[in-house]
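Here is the structure we will look at.
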Protein chains: 2
Amino acid sequence: MYTHQKIKESIVAPDPRLAMKAQAKLDNLTKPKGSLGRLELIAKQIVGITGDLSPDLRNKYIITMAADHGVVDEGVSAYPKQVTAQMVYNFISGGAAINVLAKHIGAKVQVIDMGVDHDFKGLDSFADKKIGYGTANMAKGPAMTEEQALESINIGIDTVKSLAAKGCDIIGTGDMGIGNTTASSAIAAVLCDSDPRMVTGRGTGVDGDGLEKKLTVIKKAIEVNNPDRGDGLDVLAKVGGFEIGGIAGLILGAALARIPVVIDGFISGAGALIAQCMAPQCTDYILPSHSSVEIGHAIMLRKLDLEPMFDFDMRLGEGTGAALGIGIAEAAVKILNEMATFDSAGVSKKSKNH
Amino acid sequence: MYTHQKIKESIVAPDPRLAMKAQAKLDNLTKPKGSLGRLELIAKQIVGITGDLSPDLRNKYIITMAADHGVVDEGVSAYPKQVTAQMVYNFISGGAAINVLAKHIGAKVQVIDMGVDHDFKGLDSFADKKIGYGTANMAKGPAMTEEQALESINIGIDTVKSLAAKGCDIIGTGDMGIGNTTASSAIAAVLCDSDPRMVTGRGTGVDGDGLEKKLTVIKKAIEVNNPDRGDGLDVLAKVGGFEIGGIAGLILGAALARIPVVIDGFISGAGALIAQCMAPQCTDYILPSHSSVEIGHAIMLRKLDLEPMFDFDMRLGEGTGAALGIGIAEAAVKILNEMATFDSAGVSKKSKNH
């Protein structure tokens with residue numbers, strides 16, 4: 001069990017000299033310097049993270065963390081609570097968007113029950129890490145205890161540790177949990193010091209009245225619980241979710257294991273904010289994927305100091321954006337590993353008169 | 001041989017009812033409606049283009065068109081002219097960025113010599129369609145004859161026709177040609193009715209003085225040749241290039257063969273402008289990939305009424321952006337083809353009270 005203190009002390013920033021070595025290698029490949037833009041930046045970051053000048057991203061995992069939220073009792077979601085468990089079955093049988101996109105990029109999907117309000121039976125390739133049958137209703141008190149919050153973080157860390165031991169090269173984060181945009185907006189409001197209205201969107205699709213109700217609930221949850229914005233674990237416990245804690249743990253675990261972690265959209269962003277608050281240097285290990293439709297996501301990314309790779313107007317979660325991002329990251333390291341140099345290809349360099 | 005008239009008459013817009021059918025199919029998959037954003041739009045477009053509600057993009061080609069430019073004599077490029085031929089050898093031996101990225105997405109690269117100033121010998125998997133040893137210097141007169149312009153277009157059309165006969169599902173366009181940003185900027189200035197300064201950038205990397213010289217040359221080429229902005233073939237002949245005509249032909253050929261065509265950056269954009277001018281309805285068959293660093297590219301895309309998928313600050317050409325775009329397009333059609341429906345997965349739909 002990692003304590004907050006131990007996590008903070010154990011994560012170190014990547015060595016900047018490695019990124020410089022990677023740039024030198026990139027500059028000797030048969031292309032004008034810097035002409036592959038973001039791909040070159042991604043390759044450099046991954047070299048820095050892994051310490052390997054020819055990093056291989058063959059062994060890829062998307063980890064989709066699922067949990068329920070007591071706050072759904074307040075009527076904040078367009079979908080019934082049962083959908084969380086139904087979608088877990090869908091993930092396991094391979095019919096969800098994340099299954100399709102993970103397969104497209106050659107990644108495996110690992111689904112983790114962090115606290116779904118349902119007893120799953122007879123499921124293969126499924127990790128049962130249930131902390132509870134959903135969180136408590138944060139509009140009336142803390143979503144979970146401080147112990148549960150630390151447990152959720154540790155489940156994430158341990159997940160990456162055991163995958164790393166099996167040779168995992170990169171992970172993507174994903175989520176499933178009806179009601180989890182409500183918790184994520186509350187986290188963003190607290191940790192980005194934002195008016196809740198600026199970070200609260202329609203989630204899976206509530207209408208105008210539903211959005212106002214959601215906003216009222218978020219304001220009430222923050223008022224009732226008064227989370228401490230200097231303490232990520234406190235924020236997670238009071239207005240978070242089990243899967244959000246799990247995602248924060250995945251990010252911290254990736255930083256501990258020196259593995260790149262591609263984060264998905266809004267819910268993963270909330271997990272990243274918790275992780276950043278607990279150990280700020282962990283953000284060096286994050287590759288952001290897409291920019292979500294959720295209005296608060298841009299504010300989260302600014303706080304995290306991360307530039308998204310692309311904006312496809314997506315708002316599904318599950319890890320779908322992360323999967324596409326991993327495909328891009330793999331393209332970037334292949335450029336570094338597989339291209340010819342000017343010398344080996346017999347190509348002239350830039351003229352001296354320019 | 002297709003005449004301009006025959007091309008224009010033979011291209012028809014995709015049937016909009018197909019895109020509606022695709023949307024109905026997408027809306028029955030286990031995700032909130034529209035939550036996969038751009039991926040859903042791409043899937044719909046490809047259904048409309050191919051006429052197939054379950055389109056398969058297994059058989060993928062990047063076609064990299066190479067040619068030299070007489071205008072390089074004016075000193076407009078940061079690289080010597082020989083680099084065009086050297087890079088063709090690099091493409092054939094598999095060491096260039098386009099080889100790496102095409103392999104990453106499972107596409108084949110077809111390199112076509114449209115008019116490189118070099119005799120290639122003993123090259124396998126190489127299409128020799130040489131129209132000439134580079135264009136003439138457009139600063140002093142037309143880059144090519146009207147017959148050569150039509151020939152370059154027809155080579156592109158025929159290339160797609162023969163690939164389609166072999167079962168090709170999607171193509172990406174690419175280019176190699178020292179000096180071709182100069183020709184492309186001239187085309188953009190004429191066809192987007194723009195001040196040359198607004199569409200002229202640094203290409204492979206000319207410095208400040210080089211950029212001013214390049215701009216002067218482009219203005220002179222337009223003044224000397226006075227291309228007719230209502231006639232794409234005239235613009236191509238006067239200030240274009242053999243590979244740019246080839247790319248225009250690929251786009252027109254894709255529209256004729258009802259195959260989606262993913263275009264690369266600035267040079268492919270110039271080809272697309274020529275194709276649009278010749279047969280406006282062809283743009284329905286185009287999927288734009290990235291937004292290039294070249295300042296004129298955004299203006300081109302606006303004229304083409306195309307929204308780029310992503311912006312990675314790339315400026316390499318070869319088809320590198322198109323390759324990444326094809327990977328995204330394939331992800332989009334897999335969503336349409338492989339996801340479970342609400343009924344088949346036993347997942348509840350949206351609540352009625354929202």
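To find a chain, count down the sequence lines: A is the first, B the second, and so on, and within it residues start at 1. What you are looking at is a predicted structure, and each value in this text was computed from that prediction instead of being measured.
In this structure, chain B has heavy atoms under 4.5 Å from both the backbone and the side chain of Leu36(A). Of the two parts of Val347(B), the backbone and the side chain both hold a non-hydrogen atom closer than 4.5 Å to a non-hydrogen atom of chain A. Both the backbone and the side chain of Thr30(A) come within less than 4.5 Å of a heavy atom in chain B. The contact between Glu330(B) and chain A is made by backbone and side chain atoms together, counting heavy-atom distances below 4.5 Å. Heavy atoms of Leu101(A) lying under 4.5 Å from chain B belong exclusively to its side chain.
Taking the side-chain contact (heavy atoms from CB on, under 4.5 Å) definition, one finds that Ala19(A) meets it with Lys44(A), sequence neighbours left out. Partners of Asn99(A) by side-chain contact (heavy atoms from CB on, under 4.5 Å), not counting sequence neighbours, listed by chain and number: Phe91(A), Ala96(A), Val109(A).
The salt bridge (Lys or Arg N to Asp or Glu O under 4.0 Å) contacts involving residues 76-105 of chain B comprise Lys81(B)-Asp117(B), where partners must be two or more places apart or lie in separate chains.
Glu294(B) places no side-chain N or O within donor-acceptor distance of the main-chain N or O of Phe266(B), the cut-off being under 3.5 Å. Formation of a donor-acceptor pair under 3.5 Å by the Ser344(A) side chain with backbone atoms of Ala340(A) is not found in this model. Of the possible donor and acceptor atoms, one in the side chain of Lys214(B) sits under 3.5 Å from a partner among the backbone N and O of Gly201(B). Not one N or O on the side chain of Asp175(A) forms a donor-acceptor pair closer than 3.5 Å with the backbone of Gly317(A). Proximity of a side-chain donor or acceptor of Ser77(B) to a complementary backbone N or O of Val72(B) within less than 3.5 Å is not detected.
Listed options Val293(B), Ile328(B), Asp209(B) were ranked by heavy-atom pairs under 4.5 angstrom with chain A; first place goes to Ile328(B). Interface check for chain A: of the options Ser348(B), Gly37(B), Gly321(B), Gly327(B), the most heavy-atom pairs under 4.5 Å are formed by Ser348(B). Note on Ala345(B), Ala323(B), Ala331(B): by heavy-atom pairs under 4.5 Å with chain A, the leading option is Ala331(B).
Considering NZ of Lys334(B) and CG of Leu39(B), their distance stands at 12.5 Å, rounded to 0.5 Å.
Residues Glu40(A) and Lys31(A) are paired through a salt bridge, judged by an N-O separation under 4.0 Å between the basic side chain and the carboxylate.
Residues of residues 306-316 of chain B lying under 4.5 angstrom from chain A, judged on non-hydrogen atoms, are Met309(B), Phe310(B), Asp311(B), Phe312(B), Asp313(B), Met314(B), Arg315(B), Leu316(B) in numerical order.
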